[in-house]
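The structure appears below as C-alpha coordinates.
Computed from a predicted model, the values in this text were never measured in an experiment. So that the names make sense, note that chain A is the first sequence line, chain B the second, and so on, each numbered from 1.
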There are 2 protein chains.
Amino acid sequence: MSDSTFPEVRSLDLFADMSDENYAKLMRGAYLQTFPPHVDLIGEGEGADFLHVLVSGAVDLFSRWNNRETSVMIVKPVSTFILAATIRDARYLMSARTMEKSRIVMIPSQDVRAIFDLDAGFARAVVVELAACYRSVIKTTKNLKLRTALERLANYLLSRHRAYGAPASFDLDLEKRQLASVLGMTPENLSRAFKALQAYGVAVNGEKIEITNPALLQKFAKPTSLIDDDQT
Amino acid sequence: MSDSTFPEVRSLDLFADMSDENYAKLMRGAYLQTFPPHVDLIGEGEGADFLHVLVSGAVDLFSRWNNRETSVMIVKPVSTFILAATIRDARYLMSARTMEKSRIVMIPSQDVRAIFDLDAGFARAVVVELAACYRSVIKTTKNLKLRTALERLANYLLSRHRAYGAPASFDLDLEKRQLASVLGMTPENLSRAFKALQAYGVAVNGEKIEITNPALLQKFAKPTSLIDDDQT
DNA sequence: CGTTAAATTGACGAATCTCAATGCACGTGG
DNA sequence: CCACGTGCATTGAGATTCGTCAATTTAACG
(Lines give C-alpha, C1' and ligand atoms only; values in the text may rest on other atoms or scores of the structure.)
Protein backbone atom coordinates (compact mmCIF):
# COMPACT_ATOMS: atom_id res chain seq x y z
CA MET A 1 0.00 0.00 0.00
CA SER A 2 2.95 2.29 0.50
CA ASP A 3 3.49 2.74 -3.24
CA SER A 4 0.39 4.90 -3.40
CA THR A 5 1.00 8.64 -3.59
CA PHE A 6 -2.26 9.79 -1.97
CA PRO A 7 -3.18 12.55 -4.42
CA GLU A 8 -5.58 14.20 -1.96
CA VAL A 9 -2.71 14.53 0.45
CA ARG A 10 -0.28 15.83 -2.13
CA SER A 11 -2.60 18.70 -2.98
CA LEU A 12 -2.79 19.93 0.60
CA ASP A 13 -1.07 23.26 1.23
CA LEU A 14 1.19 21.46 3.62
CA PHE A 15 2.61 19.16 0.94
CA ALA A 16 2.09 21.13 -2.25
CA ASP A 17 5.41 22.97 -2.24
CA MET A 18 7.78 20.10 -1.68
CA SER A 19 9.78 18.21 -4.30
CA ASP A 20 8.40 15.00 -5.74
CA GLU A 21 11.42 13.18 -4.40
CA ASN A 22 10.91 14.34 -0.85
CA TYR A 23 7.20 13.74 -1.04
CA ALA A 24 7.84 10.19 -2.12
CA LYS A 25 10.31 9.79 0.73
CA LEU A 26 7.78 11.12 3.19
CA MET A 27 5.11 8.75 1.97
CA ARG A 28 7.32 5.70 1.89
CA GLY A 29 6.40 4.75 5.42
CA ALA A 30 2.89 6.13 5.31
CA TYR A 31 -0.25 4.11 5.02
CA LEU A 32 -3.89 4.75 4.43
CA GLN A 33 -6.41 3.27 6.78
CA THR A 34 -10.19 3.29 6.83
CA PHE A 35 -12.02 3.48 10.14
CA PRO A 36 -15.68 2.94 11.02
CA PRO A 37 -17.61 5.65 12.86
CA HIS A 38 -16.99 6.23 16.56
CA VAL A 39 -13.62 4.59 16.71
CA ASP A 40 -10.93 5.86 19.06
CA LEU A 41 -7.82 6.77 17.11
CA ILE A 42 -5.66 8.43 19.70
CA GLY A 43 -5.63 8.80 23.46
CA GLU A 44 -4.27 11.98 24.98
CA GLY A 45 -0.95 11.38 26.66
CA GLU A 46 0.26 8.86 24.10
CA GLY A 47 3.39 9.52 22.11
CA ALA A 48 2.91 11.24 18.76
CA ASP A 49 4.22 8.53 16.50
CA PHE A 50 2.22 9.59 13.46
CA LEU A 51 1.06 12.69 11.72
CA HIS A 52 -2.54 12.07 10.68
CA VAL A 53 -4.12 13.38 7.52
CA LEU A 54 -7.88 13.12 7.31
CA VAL A 55 -8.80 12.35 3.71
CA SER A 56 -12.52 11.78 4.18
CA GLY A 57 -14.96 11.60 7.06
CA ALA A 58 -14.74 13.65 10.24
CA VAL A 59 -12.69 13.45 13.44
CA ASP A 60 -13.39 14.81 16.89
CA LEU A 61 -10.45 16.06 18.91
CA PHE A 62 -11.50 16.02 22.54
CA SER A 63 -10.08 15.90 26.00
CA ARG A 64 -11.02 14.53 29.39
CA TRP A 65 -10.24 15.65 32.91
CA ASN A 66 -11.71 14.63 36.21
CA ASN A 67 -14.59 12.77 34.66
CA ARG A 68 -15.51 15.69 32.40
CA GLU A 69 -15.07 15.76 28.66
CA THR A 70 -14.96 18.50 26.07
CA SER A 71 -14.56 18.64 22.34
CA VAL A 72 -11.70 20.97 21.52
CA MET A 73 -12.17 20.97 17.75
CA ILE A 74 -13.67 19.07 14.87
CA VAL A 75 -11.45 18.15 11.93
CA LYS A 76 -12.95 18.04 8.46
CA PRO A 77 -11.24 16.79 5.27
CA VAL A 78 -8.78 17.38 3.88
CA SER A 79 -6.53 18.45 6.68
CA THR A 80 -3.91 17.22 9.08
CA PHE A 81 -4.23 16.97 12.80
CA ILE A 82 -1.87 17.04 15.72
CA LEU A 83 0.96 18.50 13.72
CA ALA A 84 2.44 20.26 16.75
CA ALA A 85 2.94 17.08 18.76
CA THR A 86 4.61 15.49 15.75
CA ILE A 87 7.01 18.41 15.36
CA ARG A 88 7.96 18.46 19.00
CA ASP A 89 8.07 14.69 19.35
CA ALA A 90 5.74 15.09 22.30
CA ARG A 91 2.65 13.43 23.66
CA TYR A 92 -0.76 14.17 22.23
CA LEU A 93 -2.70 16.76 24.20
CA MET A 94 -6.02 15.62 22.77
CA SER A 95 -7.73 12.35 22.10
CA ALA A 96 -9.16 11.67 18.66
CA ARG A 97 -12.09 9.60 17.47
CA THR A 98 -13.88 9.23 14.20
CA MET A 99 -17.34 10.74 13.98
CA GLU A 100 -18.14 9.04 10.67
CA LYS A 101 -16.47 6.45 8.49
CA SER A 102 -13.12 8.06 7.83
CA ARG A 103 -10.06 7.51 5.70
CA ILE A 104 -6.83 8.61 7.29
CA VAL A 105 -3.26 8.67 6.06
CA MET A 106 -0.76 8.09 8.82
CA ILE A 107 2.78 9.35 8.33
CA PRO A 108 5.50 8.35 10.81
CA SER A 109 6.46 11.42 12.86
CA GLN A 110 10.16 10.78 12.49
CA ASP A 111 9.80 10.96 8.71
CA VAL A 112 7.99 14.27 8.99
CA ARG A 113 10.79 15.70 11.09
CA ALA A 114 13.47 14.27 8.78
CA ILE A 115 11.93 15.65 5.61
CA PHE A 116 11.36 18.94 7.35
CA ASP A 117 15.13 19.31 7.61
CA LEU A 118 15.64 18.34 3.99
CA ASP A 119 12.95 20.31 2.21
CA ALA A 120 12.72 24.07 2.66
CA GLY A 121 9.38 24.26 0.88
CA PHE A 122 7.90 21.74 3.27
CA ALA A 123 9.42 23.56 6.23
CA ARG A 124 7.86 26.79 5.12
CA ALA A 125 4.49 25.13 4.66
CA VAL A 126 4.64 23.57 8.12
CA VAL A 127 5.32 26.95 9.68
CA VAL A 128 2.49 28.64 7.83
CA GLU A 129 0.12 25.84 8.79
CA LEU A 130 1.15 25.87 12.44
CA ALA A 131 0.81 29.63 12.60
CA ALA A 132 -2.73 29.30 11.26
CA CYS A 133 -3.53 26.63 13.85
CA TYR A 134 -2.13 28.80 16.62
CA ARG A 135 -4.19 31.78 15.59
CA SER A 136 -7.27 29.63 15.39
CA VAL A 137 -6.86 28.45 18.98
CA ILE A 138 -6.23 31.99 20.17
CA LYS A 139 -9.59 32.89 18.67
CA THR A 140 -11.17 29.99 20.52
CA THR A 141 -9.73 31.27 23.78
CA LYS A 142 -11.03 34.78 23.15
CA ASN A 143 -14.42 33.36 22.26
CA LEU A 144 -14.56 31.43 25.53
CA LYS A 145 -13.32 34.24 27.76
CA LEU A 146 -15.08 37.22 26.25
CA ARG A 147 -18.49 35.80 25.38
CA THR A 148 -21.38 34.10 27.07
CA ALA A 149 -22.66 30.78 25.79
CA LEU A 150 -25.56 32.54 24.07
CA GLU A 151 -23.20 34.89 22.27
CA ARG A 152 -20.98 32.03 21.20
CA LEU A 153 -23.95 30.20 19.71
CA ALA A 154 -25.19 33.31 17.92
CA ASN A 155 -21.78 33.87 16.38
CA TYR A 156 -21.45 30.22 15.44
CA LEU A 157 -24.73 30.35 13.57
CA LEU A 158 -23.76 33.56 11.79
CA SER A 159 -20.42 32.07 10.87
CA ARG A 160 -21.99 28.95 9.35
CA HIS A 161 -24.62 31.06 7.63
CA ARG A 162 -21.92 33.18 6.04
CA ALA A 163 -19.80 30.17 5.10
CA TYR A 164 -22.73 28.67 3.23
CA GLY A 165 -23.34 31.91 1.34
CA ALA A 166 -26.21 33.25 3.46
CA PRO A 167 -28.91 30.84 2.28
CA ALA A 168 -32.54 31.00 3.38
CA SER A 169 -31.88 28.01 5.62
CA PHE A 170 -29.12 25.55 6.31
CA ASP A 171 -28.48 22.38 8.26
CA LEU A 172 -26.21 22.09 11.25
CA ASP A 173 -23.20 20.00 10.32
CA LEU A 174 -22.84 18.71 13.88
CA GLU A 175 -25.01 16.81 16.26
CA LYS A 176 -26.36 19.24 18.82
CA ARG A 177 -24.59 17.49 21.67
CA GLN A 178 -21.35 17.79 19.73
CA LEU A 179 -21.99 21.43 19.04
CA ALA A 180 -22.69 22.06 22.71
CA SER A 181 -19.36 20.50 23.63
CA VAL A 182 -17.47 22.54 21.04
CA LEU A 183 -19.10 25.74 22.26
CA GLY A 184 -18.33 24.89 25.87
CA MET A 185 -21.81 24.27 27.22
CA THR A 186 -24.15 21.44 28.12
CA PRO A 187 -26.73 20.05 25.68
CA GLU A 188 -29.50 21.33 27.94
CA ASN A 189 -28.04 24.79 27.91
CA LEU A 190 -27.70 24.69 24.12
CA SER A 191 -31.33 23.75 23.81
CA ARG A 192 -32.33 26.76 25.86
CA ALA A 193 -29.93 28.99 23.99
CA PHE A 194 -31.60 28.09 20.71
CA LYS A 195 -34.90 29.10 22.22
CA ALA A 196 -33.48 32.35 23.49
CA LEU A 197 -32.18 33.20 20.03
CA GLN A 198 -35.71 33.08 18.62
CA ALA A 199 -36.02 36.59 20.01
CA TYR A 200 -33.09 37.59 17.77
CA GLY A 201 -34.38 36.19 14.52
CA VAL A 202 -33.34 32.54 14.60
CA ALA A 203 -35.82 29.75 13.78
CA VAL A 204 -34.80 26.18 14.57
CA ASN A 205 -36.48 23.04 13.34
CA GLY A 206 -34.49 19.94 14.14
CA GLU A 207 -31.29 20.25 12.12
CA LYS A 208 -32.64 23.08 10.02
CA ILE A 209 -31.64 26.60 10.97
CA GLU A 210 -33.27 29.67 9.50
CA ILE A 211 -31.96 33.12 10.18
CA THR A 212 -35.07 35.19 9.71
CA ASN A 213 -33.52 38.48 10.76
CA PRO A 214 -29.79 38.59 10.03
CA ALA A 215 -29.46 42.25 10.95
CA LEU A 216 -30.98 41.69 14.37
CA LEU A 217 -28.85 38.63 15.04
CA GLN A 218 -25.71 40.46 14.01
CA LYS A 219 -26.58 43.35 16.25
CA PHE A 220 -26.72 40.91 19.12
CA ALA A 221 -23.78 38.70 18.17
CA LYS A 222 -21.33 41.42 17.12
CA PRO A 223 -19.15 39.10 15.04
CA THR A 224 -15.58 40.16 14.36
CA SER A 225 -12.86 38.80 12.13
CA LEU A 226 -10.57 38.87 15.15
CA ILE A 227 -12.57 36.04 16.72
CA ASP A 228 -14.91 34.48 14.21
CA ASP A 229 -13.40 34.29 10.77
CA ASP A 230 -11.37 31.34 9.68
CA GLN A 231 -8.76 33.00 7.52
CA THR A 232 -6.16 35.77 7.95
CA MET B 1 21.59 51.62 17.30
CA SER B 2 21.13 49.03 14.60
CA ASP B 3 24.79 47.98 14.82
CA SER B 4 24.09 46.30 18.13
CA THR B 5 23.78 42.53 18.07
CA PHE B 6 21.44 42.14 21.05
CA PRO B 7 23.22 39.26 22.81
CA GLU B 8 20.14 38.41 24.91
CA VAL B 9 18.24 37.92 21.70
CA ARG B 10 20.95 35.88 20.03
CA SER B 11 20.89 33.35 22.85
CA LEU B 12 17.18 32.68 22.50
CA ASP B 13 16.30 29.24 21.18
CA LEU B 14 14.67 30.94 18.26
CA PHE B 15 17.90 32.57 17.08
CA ALA B 16 20.58 30.30 18.49
CA ASP B 17 20.82 27.94 15.51
CA MET B 18 21.20 30.44 12.69
CA SER B 19 24.40 31.58 11.00
CA ASP B 20 26.09 34.74 12.18
CA GLU B 21 25.61 36.18 8.75
CA ASN B 22 21.88 35.64 8.70
CA TYR B 23 21.52 36.83 12.25
CA ALA B 24 23.27 40.04 11.34
CA LYS B 25 21.02 40.40 8.34
CA LEU B 26 17.94 39.87 10.50
CA MET B 27 19.06 42.46 13.01
CA ARG B 28 20.05 45.05 10.44
CA GLY B 29 16.61 46.63 10.49
CA ALA B 30 15.87 45.86 14.12
CA TYR B 31 15.97 48.31 16.94
CA LEU B 32 15.79 48.21 20.70
CA GLN B 33 13.33 50.41 22.48
CA THR B 34 12.64 51.01 26.14
CA PHE B 35 9.08 51.58 27.27
CA PRO B 36 7.69 52.86 30.57
CA PRO B 37 5.11 50.80 32.47
CA HIS B 38 1.52 50.66 31.23
CA VAL B 39 2.23 51.70 27.68
CA ASP B 40 0.21 50.34 24.78
CA LEU B 41 2.49 48.64 22.29
CA ILE B 42 0.07 47.03 19.88
CA GLY B 43 -3.63 47.20 19.17
CA GLU B 44 -5.42 44.08 17.98
CA GLY B 45 -6.38 44.35 14.35
CA GLU B 46 -3.26 46.23 13.34
CA GLY B 47 -0.89 44.79 10.76
CA ALA B 48 1.98 42.72 12.16
CA ASP B 49 4.86 44.82 10.96
CA PHE B 50 7.28 43.73 13.65
CA LEU B 51 8.26 40.66 15.56
CA HIS B 52 8.74 41.70 19.17
CA VAL B 53 11.33 40.26 21.52
CA LEU B 54 10.93 41.11 25.16
CA VAL B 55 14.39 41.51 26.66
CA SER B 56 13.39 42.76 30.09
CA GLY B 57 10.19 43.73 31.88
CA ALA B 58 6.79 42.15 31.29
CA VAL B 59 4.09 42.45 28.66
CA ASP B 60 0.38 41.73 28.84
CA LEU B 61 -1.28 40.27 25.76
CA PHE B 62 -4.97 41.02 26.05
CA SER B 63 -8.07 41.37 23.97
CA ARG B 64 -11.27 43.35 24.02
CA TRP B 65 -14.73 42.64 22.70
CA ASN B 66 -18.00 44.35 23.31
CA ASN B 67 -16.69 46.43 26.17
CA ARG B 68 -15.17 43.42 27.92
CA GLU B 69 -11.48 42.75 28.26
CA THR B 70 -9.43 39.68 29.06
CA SER B 71 -5.78 38.94 29.44
CA VAL B 72 -4.86 36.05 27.16
CA MET B 73 -1.29 35.60 28.34
CA ILE B 74 1.58 37.31 30.11
CA VAL B 75 4.96 37.43 28.41
CA LYS B 76 8.10 37.30 30.52
CA PRO B 77 11.69 37.80 29.32
CA VAL B 78 13.38 36.63 27.31
CA SER B 79 10.88 35.59 24.70
CA THR B 80 9.19 36.68 21.53
CA PHE B 81 5.57 37.49 21.06
CA ILE B 82 3.14 37.45 18.22
CA LEU B 83 5.33 35.26 16.07
CA ALA B 84 2.33 33.72 14.28
CA ALA B 85 1.01 37.01 12.94
CA THR B 86 4.48 37.87 11.70
CA ILE B 87 4.80 34.59 9.87
CA ARG B 88 1.41 34.84 8.22
CA ASP B 89 1.73 38.57 7.52
CA ALA B 90 -1.61 38.98 9.24
CA ARG B 91 -3.16 41.30 11.74
CA TYR B 92 -2.50 40.95 15.44
CA LEU B 93 -5.18 39.03 17.30
CA MET B 94 -4.19 40.49 20.64
CA SER B 95 -3.28 43.89 21.97
CA ALA B 96 -0.07 44.32 23.94
CA ARG B 97 0.93 46.67 26.72
CA THR B 98 3.85 46.86 29.07
CA MET B 99 3.21 45.95 32.67
CA GLU B 100 6.55 47.28 33.88
CA LYS B 101 9.40 49.22 32.32
CA SER B 102 10.36 47.00 29.42
CA ARG B 103 13.05 46.73 26.81
CA ILE B 104 11.87 45.32 23.53
CA VAL B 105 13.68 44.50 20.31
CA MET B 106 11.52 45.03 17.26
CA ILE B 107 12.40 43.14 14.08
CA PRO B 108 10.63 43.99 10.83
CA SER B 109 8.31 41.14 9.91
CA GLN B 110 9.41 41.07 6.30
CA ASP B 111 12.98 40.44 7.41
CA VAL B 112 11.83 37.55 9.58
CA ARG B 113 10.05 35.99 6.64
CA ALA B 114 12.99 36.60 4.30
CA ILE B 115 15.56 35.06 6.63
CA PHE B 116 13.22 32.21 7.29
CA ASP B 117 13.57 31.24 3.63
CA LEU B 118 17.35 31.59 3.72
CA ASP B 119 18.26 29.88 6.96
CA ALA B 120 17.16 26.33 7.62
CA GLY B 121 18.27 26.46 11.24
CA PHE B 122 16.12 29.48 11.85
CA ALA B 123 13.19 27.86 10.04
CA ARG B 124 13.48 24.81 12.23
CA ALA B 125 13.61 26.95 15.36
CA VAL B 126 10.55 28.91 14.32
CA VAL B 127 8.59 25.72 13.82
CA VAL B 128 9.59 24.29 17.16
CA GLU B 129 8.74 27.56 18.88
CA LEU B 130 5.36 27.86 17.17
CA ALA B 131 4.50 24.26 17.99
CA ALA B 132 5.23 24.99 21.65
CA CYS B 133 3.03 28.09 21.55
CA TYR B 134 0.24 26.12 19.94
CA ARG B 135 0.36 23.41 22.56
CA SER B 136 0.38 26.00 25.29
CA VAL B 137 -2.82 27.60 24.01
CA ILE B 138 -4.48 24.21 23.65
CA LYS B 139 -3.75 23.68 27.34
CA THR B 140 -5.33 27.04 28.10
CA THR B 141 -8.44 26.00 26.24
CA LYS B 142 -8.67 22.72 28.11
CA ASN B 143 -8.16 24.56 31.39
CA LEU B 144 -11.03 26.92 30.60
CA LYS B 145 -13.45 24.29 29.33
CA LEU B 146 -12.81 21.47 31.76
CA ARG B 147 -12.33 23.31 35.05
CA THR B 148 -14.17 25.73 37.28
CA ALA B 149 -12.57 29.00 38.31
CA LEU B 150 -11.71 27.53 41.71
CA GLU B 151 -9.99 24.57 40.11
CA ARG B 152 -8.05 26.83 37.76
CA LEU B 153 -6.80 28.90 40.67
CA ALA B 154 -5.83 25.82 42.67
CA ASN B 155 -3.83 24.47 39.75
CA TYR B 156 -2.24 27.83 39.10
CA LEU B 157 -1.00 27.98 42.67
CA LEU B 158 0.32 24.44 42.52
CA SER B 159 2.05 25.19 39.25
CA ARG B 160 3.79 28.27 40.62
CA HIS B 161 4.64 26.42 43.81
CA ARG B 162 6.28 23.67 41.80
CA ALA B 163 8.07 26.12 39.50
CA TYR B 164 9.66 27.79 42.51
CA GLY B 165 10.80 24.46 43.90
CA ALA B 166 8.04 23.92 46.47
CA PRO B 167 9.16 26.56 48.99
CA ALA B 168 7.44 27.19 52.31
CA SER B 169 5.89 30.29 50.84
CA PHE B 170 6.14 32.32 47.67
CA ASP B 171 4.91 35.60 46.22
CA LEU B 172 2.43 35.93 43.39
CA ASP B 173 4.22 37.33 40.36
CA LEU B 174 1.05 39.04 39.12
CA GLU B 175 -1.31 41.60 40.51
CA LYS B 176 -4.43 39.84 41.65
CA ARG B 177 -6.60 41.67 39.16
CA GLN B 178 -4.22 40.55 36.41
CA LEU B 179 -4.30 37.00 37.68
CA ALA B 180 -8.07 37.06 37.73
CA SER B 181 -8.15 38.12 34.10
CA VAL B 182 -5.66 35.46 33.06
CA LEU B 183 -7.67 32.79 34.86
CA GLY B 184 -10.89 33.99 33.27
CA MET B 185 -12.69 35.38 36.31
CA THR B 186 -13.45 38.68 38.02
CA PRO B 187 -11.27 40.12 40.81
CA GLU B 188 -14.16 39.69 43.24
CA ASN B 189 -14.50 36.08 42.30
CA LEU B 190 -10.76 35.54 42.69
CA SER B 191 -10.89 37.03 46.16
CA ARG B 192 -13.59 34.59 47.15
CA ALA B 193 -11.77 31.73 45.47
CA PHE B 194 -8.70 32.40 47.63
CA LYS B 195 -10.91 32.20 50.68
CA ALA B 196 -12.48 28.99 49.49
CA LEU B 197 -9.04 27.43 49.03
CA GLN B 198 -8.26 27.94 52.70
CA ALA B 199 -10.27 24.77 53.23
CA TYR B 200 -7.79 22.97 50.98
CA GLY B 201 -4.60 24.08 52.68
CA VAL B 202 -3.86 27.48 51.14
CA ALA B 203 -2.99 30.50 53.30
CA VAL B 204 -2.98 33.90 51.66
CA ASN B 205 -1.52 37.07 53.08
CA GLY B 206 -1.41 39.86 50.54
CA GLU B 207 1.05 38.72 47.89
CA LYS B 208 2.36 35.89 50.00
CA ILE B 209 0.99 32.43 49.35
CA GLU B 210 1.60 29.52 51.63
CA ILE B 211 0.55 26.04 50.71
CA THR B 212 0.13 24.48 54.12
CA ASN B 213 -1.20 21.17 52.89
CA PRO B 214 0.12 20.32 49.43
CA ALA B 215 -1.36 16.84 49.43
CA LEU B 216 -4.84 18.13 50.17
CA LEU B 217 -4.60 20.85 47.54
CA GLN B 218 -3.37 18.37 44.97
CA LYS B 219 -6.20 16.04 45.76
CA PHE B 220 -8.58 18.86 44.99
CA ALA B 221 -6.76 20.38 42.00
CA LYS B 222 -5.81 17.16 40.23
CA PRO B 223 -2.99 18.73 38.20
CA THR B 224 -1.89 16.99 35.02
CA SER B 225 0.99 17.54 32.64
CA LEU B 226 -1.55 17.52 29.82
CA ILE B 227 -2.93 20.84 31.05
CA ASP B 228 -0.64 22.38 33.61
CA ASP B 229 2.98 21.84 32.79
CA ASP B 230 4.89 24.22 30.61
CA GLN B 231 7.18 21.84 28.75
CA THR B 232 6.72 18.84 26.47
C1' DC C 1 -0.04 62.65 55.29
C1' DG C 2 -3.10 62.56 51.37
C1' DT C 3 -4.17 60.61 47.01
C1' DT C 4 -4.99 56.83 44.15
C1' DA C 5 -5.67 52.18 42.86
C1' DA C 6 -6.20 47.60 44.33
C1' DA C 7 -8.36 44.26 47.27
C1' DT C 8 -12.03 42.76 49.95
C1' DT C 9 -16.78 42.13 51.45
C1' DG C 10 -21.82 41.90 51.16
C1' DA C 11 -26.10 41.66 48.69
C1' DC C 12 -28.17 40.54 44.67
C1' DG C 13 -29.01 38.72 40.07
C1' DA C 14 -27.71 36.32 35.89
C1' DA C 15 -25.66 32.46 33.70
C1' DT C 16 -24.91 27.87 33.77
C1' DC C 17 -25.00 23.08 35.40
C1' DT C 18 -27.25 18.95 37.36
C1' DC C 19 -30.79 15.73 37.80
C1' DA C 20 -34.88 13.76 36.31
C1' DA C 21 -38.63 13.06 33.26
C1' DT C 22 -40.48 13.14 28.84
C1' DG C 23 -40.70 13.28 23.89
C1' DC C 24 -38.91 12.12 19.45
C1' DA C 25 -36.39 9.83 15.67
C1' DC C 26 -34.10 6.01 13.87
C1' DG C 27 -32.93 1.37 13.21
C1' DT C 28 -33.46 -3.60 14.21
C1' DG C 29 -35.69 -7.81 14.78
C1' DG C 30 -39.88 -10.25 14.93
C1' DC D 1 -45.00 -3.69 8.50
C1' DC D 2 -44.87 -2.84 13.18
C1' DA D 3 -43.13 -3.11 18.09
C1' DC D 4 -39.54 -1.82 20.71
C1' DG D 5 -34.98 -0.50 22.02
C1' DT D 6 -31.57 3.08 21.98
C1' DG D 7 -29.82 7.47 22.06
C1' DC D 8 -30.50 12.29 21.31
C1' DA D 9 -33.27 16.46 22.22
C1' DT D 10 -36.21 18.95 25.06
C1' DT D 11 -38.29 20.64 29.26
C1' DG D 12 -38.75 21.68 34.16
C1' DA D 13 -37.05 22.37 38.83
C1' DG D 14 -33.51 23.43 41.71
C1' DA D 15 -28.71 24.21 42.96
C1' DT D 16 -24.26 26.13 41.99
C1' DT D 17 -21.15 29.10 39.94
C1' DC D 18 -20.12 33.35 38.65
C1' DG D 19 -20.74 38.29 37.63
C1' DT D 20 -22.42 43.03 38.91
C1' DC D 21 -22.86 46.87 41.85
C1' DA D 22 -21.75 49.41 45.79
C1' DA D 23 -19.35 50.22 49.95
C1' DT D 24 -15.38 49.68 52.64
C1' DT D 25 -10.73 48.48 53.76
C1' DT D 26 -6.05 48.07 52.60
C1' DA D 27 -1.82 49.02 50.37
C1' DA D 28 1.41 51.84 47.56
C1' DC D 29 3.63 55.92 46.66
C1' DG D 30 4.76 60.65 46.16
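Between the NZ atom of B/K195 and the C1' atom of C/dT9 there is a distance of 7 Å, rounded to whole Å. Taking atom CZ of residue A/R152 and atom P of nucleotide C/dT16, one finds them 7 Å apart after rounding to whole Å. Rounding to whole angstrom units, CD of residue B/E151 and P of D/dT16 are separated by 15 Å. A straight line from CG of B/L174 to C1' of C/dA7 spans 15 Å, rounded to a whole angstrom. C/dT16 atom P lies 16 Å from atom CE of B/M185, rounded to whole Å. Atom CD of A/E207 is separated from atom P of C/dC24 by 17 Å (rounded to the nearest Å). Atom CD in B/E175 sits about 19 Å away from atom P in D/dT26, given to the nearest Å. The NZ-C1' distance, from B/K145 to C/dT16, rounds to 15 Å in whole Å.
Between D/dT10, C/dT8, D/dC8, one nucleotide has an atom nearer to the side chain of B/K176 than all others, and that is C/dT8. Each of D/dT11, D/dC18, C/dA7 was ranked by its minimum atom distance to the side chain of A/R192; first place goes to D/dT11. In this structure, of D/dT10, D/dC21, D/dG19, it is D/dC21 that holds the atom nearest to the side chain of B/E188. With C/dA7, D/dT10, D/dT20 as the candidates, the nucleotide lying closest to the side chain of B/T186 is D/dT20.
Side-chain contact between A/L130 and A/Y134 is absent, with no heavy atoms from C-beta onward closer than 4.5 Å. For the pair A/M73/A/T140, no side-chain contact is recorded, criterion being any heavy-atom separation below 4.5 Å from C-beta on.
Ring geometry for A/F220 against A/Y200 counts as parallel: the plane angle stays under 30°, on a 0 to 90° scale with 60° as the upper cut.
Side-chain N or O atoms of B/W65 include one that pairs as donor or acceptor with a backbone N or O of A/K222 at under 3.5 Å.
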